[in-house]
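Being a predicted model, the structure only gives us computed values, none of them experimental. Convention: sequence-line order gives letters A, B, ...; per-chain numbering from 1.
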There are 2 protein chains.
Amino acid sequence: MTESGSGTESGSARDPEAVSRFVERFAAQLVEAGMQRMPSRVFAALLASDTGTLTSAELSEQLQISPAAVSGAVRYLAQVHMVSREREPGSRRERYRVHSDQWYEALTSREAIIKRWEDALREGVASLGADTPSGRRLAQTLAFFEFIEQDVALMMERWRVYREERFGD
Amino acid sequence: MTESGSGTESGSARDPEAVSRFVERFAAQLVEAGMQRMPSRVFAALLASDTGTLTSAELSEQLQISPAAVSGAVRYLAQVHMVSREREPGSRRERYRVHSDQWYEALTSREAIIKRWEDALREGVASLGADTPSGRRLAQTLAFFEFIEQDVALMMERWRVYREERFGD
DNA sequence: CCTTAACTTCACAAATTTCTGAAAGAAGCG
DNA sequence: CGCTTCTTTCAGAAATTTGTGAAGTTAAGG
């Protein structure tokens with residue numbers, strides 16, 4: 001007598017256990033890749049939600065964490081453009097949303113980070129000397145990042161074309 | 001005979017302070033991006049070295065850390081293919097090296113990690129149902145990673161061509 | 001074989017990070 | 001205006017991570 005399928009009352013009830021299993025598993029992989037735990041879990045929960053949006057209270061309940069933890073996680077995720085915040089009109093509630101389009105870049109290209117790597121490398125080349133062996137190594141590393149920076153932008157463009165073709169829009 | 005080399009004060013003598021400044025600055029940016037501190041510092045030191053190789057003792061001294069810390073950092077870096085280890089023939093010394101070619105991919109594409117993301121997403125699609133809104137969102141995310149996985153390989157190929165053109169070889 | 005140099009592993013102290021409850025801060029609604 | 005509902009900030013307890021000294025392991029060189 002499991003509760004499976006119960007609560008068909010309002011909308012299509014999803015199996016909360018299956019959702020939770022996915023959320024925790026995917027979040028664990030994000031953590032492995034260096035993301036903090038709470039942001040990872042919040043993000044995964046949004047990804048697995050029906051509408052791609054959840055309120056603070058829903059997140060708090062679903063993930064069994066305090067409102068404070070939700071607040072901190074969302075602040076981080078918004079900062080790196082992986083979610084955006086929306087005010088529900090006529091309510092103090094806020095909704096958080098994954099924009100299927102935006103977050104890919106945040107997660108993969110990390111433009112801002114690469115920019116700072118480039119800055120550090122430029123300084124290094126200048127101070128060690130462009131004509132020294134180590135200076136040359138740094139210069140080549142810098143060239144690599146400048147190259148992929150350009151190329152990643154083109155790649156994202158190709159993805160959009162491909163997606164439109166395959167998924168319509 | 002130790003090759004202190006500090007005699008040449010003009011021109012290409014390496015200024016240890018300038019080196020250290022670069023090492024700490026670049027390492028800090030790697031830390032910001034999620035890498036641990038010691039691996040970051042060791043990696044930056046190798047990048048900034050003249051030959052692209054350093055021994056354990058040299059790293060220990062230059063970075064002011066214990067041999068144990070070097071050992072741990074190198075183990076990690078080797079695991080993710082950012083440095084390789086070489087035995088100095090006829091000595092118990094080991095040299096660690098950055099391969100200007102290999103480490104780019106390790107740092108940027110993170111194949112293994114993306115593979116595990118894909119696995120988690122596939123499971124999610126299966127268990128939530130490919131015909132549900134959330135299932136569709138996960139499927140599209142999965143498609144994105146499969147797409148860039150392919151594309152990144154091509155990008156690295158283009159980089160090699162470009163580099164050869166620009167830097168000779 | 002035995003010595004010794006070089007690297008690795010391990011247990012633990014210290015530093016850092018993470019998450020919470022409590023209180024304060026906004027903003028709609030009567 | 002205050003009441004009420006939701007979110008954010010903050011101090012601190014708990015958990016985790018980090019780097020070290022010391023002991024252990026491996027292998028060169030006599």
Side-chain angles (χ1 to χ4, degrees), chain A residues 20 23-24 27-46 49 53-80 82-97, chain B residues 1-3 20 23-24 27-46 49 53-80 82-98:
Chain A
S20 175
V23 167
E24 297 307 331
Q29 294 305 326
L30 293 178
V31 168
E32 192 109 341
M35 189 147 110
Q36 291 156 344
R37 192 203 318 276
M38 286 297 142
S40 297
R41 296 180 71 208
V42 166
F43 181 73
L46 282 167
S49 70
T53 72
L54 291 170
T55 65
S56 178
E58 287 166 336
L59 284 165
S60 182
E61 209 239 292
Q62 191 185 321
L63 300 175
Q64 298 277 47
I65 58 181
S66 72
V70 174
S71 176
V74 167
R75 181 173 12 146
Y76 170 80
L77 289 169
Q79 207 162 26
V80 299
M82 288 176 68
V83 313
S84 55
R85 339 162 69 115
E86 304 174 356
R87 206 21 149 303
E88 255 179 7
S91 157
R92 310 138 213 88
R93 262 199 197 130
E94 208 147 17
R95 297 192 85 70
Y96 309 117
R97 149 167 284 138
Chain B
M1 42 188 82
T2 51
E3 72 291 26
S20 176
V23 167
E24 297 307 331
Q29 294 307 326
L30 293 177
V31 168
E32 193 109 338
M35 190 147 107
Q36 291 156 344
R37 190 202 320 274
M38 286 297 144
S40 298
R41 296 179 72 209
V42 165
F43 181 73
L46 282 168
S49 70
T53 72
L54 290 172
T55 64
S56 178
E58 287 166 337
L59 284 165
S60 183
E61 210 239 292
Q62 190 186 323
L63 301 175
Q64 298 278 46
I65 58 181
S66 71
V70 174
S71 175
V74 166
R75 180 173 13 145
Y76 171 80
L77 290 170
Q79 205 162 29
V80 299
M82 288 175 68
V83 312
S84 56
R85 340 162 70 114
E86 304 174 354
R87 202 26 147 300
E88 257 181 4
S91 156
R92 307 146 215 84
R93 260 200 196 129
E94 209 148 16
R95 297 192 86 70
Y96 309 118
R97 149 168 282 138
V98 270

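The nucleotide whose nearest atom lies closest to any side-chain atom of A68(A) is, among dA28(D), dC7(C), dT9(D), dT9(D). The side chain of R75(B) sits closest to dT9(C) out of dT20(D), dT9(C), dT7(D).
Side chains of T53(A) and R95(A): a donor on one and an acceptor on the other come within 3.5 Å.
Side-chain N/O atoms of Q36(B) include none lying less than 4.0 angstrom from OP1 or OP2 on dT17(D). OP1 or OP2 of dC7(C) lies within a sub-4.0 Å distance of a side-chain N or O belonging to S56(B). Residue R37(B) has no polar side-chain atom (N or O) positioned under 4.0 Å from OP1 or OP2 of dT18(D).
Taking for each of I65(A) and E94(B) the nucleotide of DNA chain C with the nearest heavy atom, the 5'-most of the two is the partner of E94(B). Remark on DNA chain D: of its neighbouring residues S71(A) and A69(B), the 5'-side contact belongs to S71(A), judged by nearest-heavy-atom nucleotide. Mapped onto DNA chain D by nearest heavy atom, S91(A) and G72(A) fall at different nucleotides, with S91(A) at the one closer to the 5' end.
Shortest non-hydrogen contact noted between S60(B) and S66(B) is OG-C, 4.0 Å.
Residue R92(A) contributes atom CZ, which lies 7 Å from atom C1' of dA27(C) at whole-angstrom precision. Following rounding to the nearest Å, L59(A) (CG) and dC19(C) (C1') show an atom-to-atom distance of 16 Å. The distance from atom CZ of R87(A) to atom C1' of dT8(D) is 12 Å, rounded to the nearest whole Å. Nucleotide dT17(C) holds its P atom 11 Å from the CD atom of E32(B), rounded to whole Å. In this structure, M35(B) atom CE and dT17(D) atom P are separated by 18 Å, rounded to whole Å. Atom CZ in R85(B) sits about 10 Å away from atom P in dC7(C), given to the nearest Å. Look at CD on E58(B): it is 10 Å from P on dC7(C), rounded to the nearest Å. One atom, CD of E86(B), and another, P of dC7(C), lie 13 Å apart when rounded to the nearest Å.
Around the CD atom of E61(B), the shell of radius 6.0 Å holds no more than 12 heavy atoms that belong to other residues, nucleotides or ligands.
Residues L63(B) and V23(B) have side chains in contact (heavy-atom distance under 4.5 Å, counting atoms from C-beta outward).
Within 4.0 Å (heavy atoms only), G90(A) reaches sugar-phosphate atoms of the nucleic acid but no base atom.
Residue R41(B) forms a side chain to side chain contact (heavy atoms under 4.5 Å, CB included) with just one option from I65(B), L59(B), L46(B), L30(B), and that option is I65(B).
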